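Note that the structure is a prediction, hence the values are computed from the model and not measured.
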Number of protein chains: 2
Amino acid sequence: MIKLLIYEDNPQLREGLTMLLNGSDGFEVLASFKNCSNVLQELRIYKPDVILMDIDMPGSDGIEGLKQIRLVDNEVKILMLTVFDDNKNVFEAISNGANGYVLKKTPPAKLIEYIQEANSGGAPMTSSIATQVLKMFSSLHSEKGENYNLSEREKQVLHLLVNGYSYKMISAEMFIAIDTVRSHIKKIYEKLHVNSKSEAVAKAFKDRIV
Amino acid sequence: MIKLLIYEDNPQLREGLTMLLNGSDGFEVLASFKNCSNVLQELRIYKPDVILMDIDMPGSDGIEGLKQIRLVDNEVKILMLTVFDDNKNVFEAISNGANGYVLKKTPPAKLIEYIQEANSGGAPMTSSIATQVLKMFSSLHSEKGENYNLSEREKQVLHLLVNGYSYKMISAEMFIAIDTVRSHIKKIYEKLHVNSKSEAVAKAFKDRIV
DNA sequence: CTAAAATACGCATAAATATGCGATAGGGCG
DNA sequence: CGCCCTATCGCATATTTATGCGTATTTTAG
């Protein structure tokens, strides 16, 4: 019997998880909470095997809770739940001793598998997370990311975009018509597989093409 | 149909894998080889989707093969197979662009799952490997930049912005009116001293507030 | 040489964003 | 109790962005 604690601010999801797990053989949800303000106390009282910890909670967030727990307990397995597979949180979580990191959209059957895996000493990750982790690793050694075959001019435009330039400013800076700026940006979007300026900027940072 | 190449020096295992996969729906083993001396040629001829690459092969070993392939092809998925979950090889493999890293003792059903995962862009790892990876990561550390005194809600909004969400999508995701999203974003811009979405995104990356 | 990119530009239009000027409600604090 | 902050929402409007559909010249790769 795997004993669980759940920390999740969204009431629906909290209830859903609790019901799912209590209804599954070999699982017992001891309690669930909407934030981790009293996580240490609760840990002492319930002595769970595995903790499901939402990352994006108001007040004391999941990373904070994780840190607190790891100050006093290195045994309990902590599985982080999140809607995002972004770099920062993954890194923070695993640097601070999380045992796994899974997306909330993970189907129930998978989630159950992951919990079992965490409980038996594994490190379950949804594949997009694992990919992130591998990317981070690769980036430690290989200096440059994808190139996306951006042309020189396109790289210049993207560079200016990343530095907060509007189309008008780019047009002025590069001595080309604003419509030409549009053309370039459209091409850039195609190549990066995005469709907004901020997505392009984000991608530029993530893939280090800046 | 996932098309596979197999590199494995042990004849029994090589045959076993081939039979297993050819006997499974949706898989086709194009060919299998006992070492990767001619990997580039074979890659060109067969154009596989996924390559199963044993690490511990005599002559040209799996890491060597991996490196060669990645010089000319960043698309094909490469799943490393090994008996050991030792640090050195894991690190080498993932630094050189392997898509996954699984132990040979992985049960067939799991292996099939992993291959599918690799094929669809994931990064399958057996849990002991994943644990290794996390441990390596934990040894690193980084600290945090400015906070800009963003409120909880503002951080959530910024987070979504960084992930390419439009106002409308944020409104849906957070269950608030689009005008409220506007309010938050205006406040965020003030606090970050910017005045466009892409600038905010850029700043979020630069200052690691994401 | 020829085909394919890259570069440059124009026009039109729908959607998204930025901004200003409001309002209401709850929580924390001296 | 007022005062400030956060969070919520509404309306109006100007600007910016995204996109489609064109044309034309130059450079590059096969």
Side-chain angles (χ1 to χ4, degrees), chain A residues 9-11 34-35 37-38 56-61 64 146-205 209-210, chain B residues 44 72 146-205 209-210:
Chain A
D9 66 312
N10 181 314
K34 72 172 191 296
N35 65 52
S37 320
N38 297 97
D56 321 287
M57 281 182 292
S60 176
D61 77 356
E64 196 44 51
E146 294 297 314
N147 207 351
Y148 293 103
N149 290 318
L150 292 179
S151 72
E152 273 314 308
R153 219 56 176 150
E154 285 158 3
K155 277 187 223 165
Q156 289 174 30
V157 172
L158 180 55
H159 195 251
L160 291 168
L161 278 185
V162 164
N163 285 93
Y165 283 56
S166 69
Y167 289 20
K168 207 184 284 181
M169 290 159 78
I170 294 176
S171 141
E173 182 73 27
M174 292 177 67
F175 301 105
I176 55 179
I178 196 163
D179 282 305
T180 306
V181 178
R182 285 190 227 277
S183 302
H184 285 308
I185 291 181
K186 226 166 95 97
K187 215 82 216 302
I188 292 171
Y189 287 178
E190 276 175 29
K191 290 185 178 177
L192 299 194
H193 306 292
V194 300
N195 48 16
S196 78
K197 198 160 76 157
S198 50
E199 279 180 285
V201 169
K203 197 140 195 169
F205 274 99
I209 45 188
V210 274
Chain B
R44 206 167 49 242
V72 300
E146 294 297 314
N147 208 349
Y148 293 102
N149 289 319
L150 293 179
S151 73
E152 277 312 311
R153 219 53 178 154
E154 286 158 3
K155 276 188 224 166
Q156 289 174 32
V157 171
L158 179 56
H159 200 166
L160 291 164
L161 279 186
V162 166
N163 281 277
Y165 283 55
S166 68
Y167 288 23
K168 208 184 283 182
M169 290 160 76
I170 294 176
S171 139
E173 181 72 26
M174 293 178 65
F175 303 104
I176 55 179
I178 195 162
D179 282 305
T180 307
V181 178
R182 287 190 225 278
S183 303
H184 285 309
I185 290 182
K186 224 165 94 90
K187 215 82 216 303
I188 292 171
Y189 288 176
E190 277 174 28
K191 290 185 179 177
L192 298 192
H193 306 293
V194 299
N195 48 17
S196 80
K197 197 160 77 156
S198 49
E199 281 181 283
V201 169
K203 197 137 195 169
F205 272 100
I209 43 187
V210 277

> Among residues 163-171 of chain A, which residues get a heavy atom nearer than 4.0 Å to DNA chain C?
Replying inline: none

>> Salt bridge check, A:Glu154 against A:Lys187: does any charged N sit closer than 4.0 Å to a carboxylate O?
In response: no

> When the distance from CD of A:Glu152 to P of C:dA5 is rounded to whole Å, what number comes out?
Replying inline: 18 Å

> Rounded to whole angstroms, how far apart are NZ on B:Lys197 and P on C:dA18?
Replying inline: 7 Å

> So which of residues 173-190 of chain B are in contact with DNA chain C, with a heavy-atom cut-off of under 4.0 Å?
Replying inline: B:Arg182, B:Lys186, B:Tyr189

> How many Å lie between NZ on B:Lys155 and C1' on D:dA7, as a whole number?
Replying inline: 16 Å

>> Would the distance check show the side chain of A:Ser171 and the main-chain N or O of A:Ile176 forming a donor-acceptor pair, the cut-off being under 3.5 Å?
In response: yes

>> Show the nearest heavy-atom pair for residues A:Leu192 and A:Leu158, with the distance to one decimal.
In response: CD1-CD2, 4.3 Å

>> In the structure I gave you, are the side-chain heavy atoms of A:Leu160 and A:Met169 within less than 4.5 Å of one another anywhere?
In response: no

> Could you give the CG-to-P distance, from B:Asn195 to C:dT17, as a whole number of Å?
Replying inline: 15 Å

> When you measure from the side chain of A:Asn35 to the backbone N and O of A:Ser37, does any donor-acceptor pair fall under 3.5 Å?
Replying inline: yes

> Does the side chain of B:Leu161 come within less than 4.5 Å of B:Ile170's, by heavy atoms?
Replying inline: yes

> Is there a donor-acceptor contact under 3.5 Å from the side chain of B:Tyr189 to the main chain of B:Lys197?
Replying inline: yes

>> Any side-chain N or O of A:Lys191 below 4.0 angstrom from OP1/OP2 of C:dA6?
In response: yes

> Rounded to the nearest Å, what distance is computed from the CG atom of residue A:Leu161 to the C1' atom of nucleotide C:dT17?
Replying inline: 15 Å

>> Please report the distance, rounded to the nearest Å, between CD in B:Glu154 and C1' in D:dC5.
In response: 10 Å

> What residues form a side chain to side chain contact (heavy atoms under 4.5 Å, CB included) with B:Glu199, not counting sequence neighbours?
Replying inline: B:Val194, B:Asn195, B:Ser196

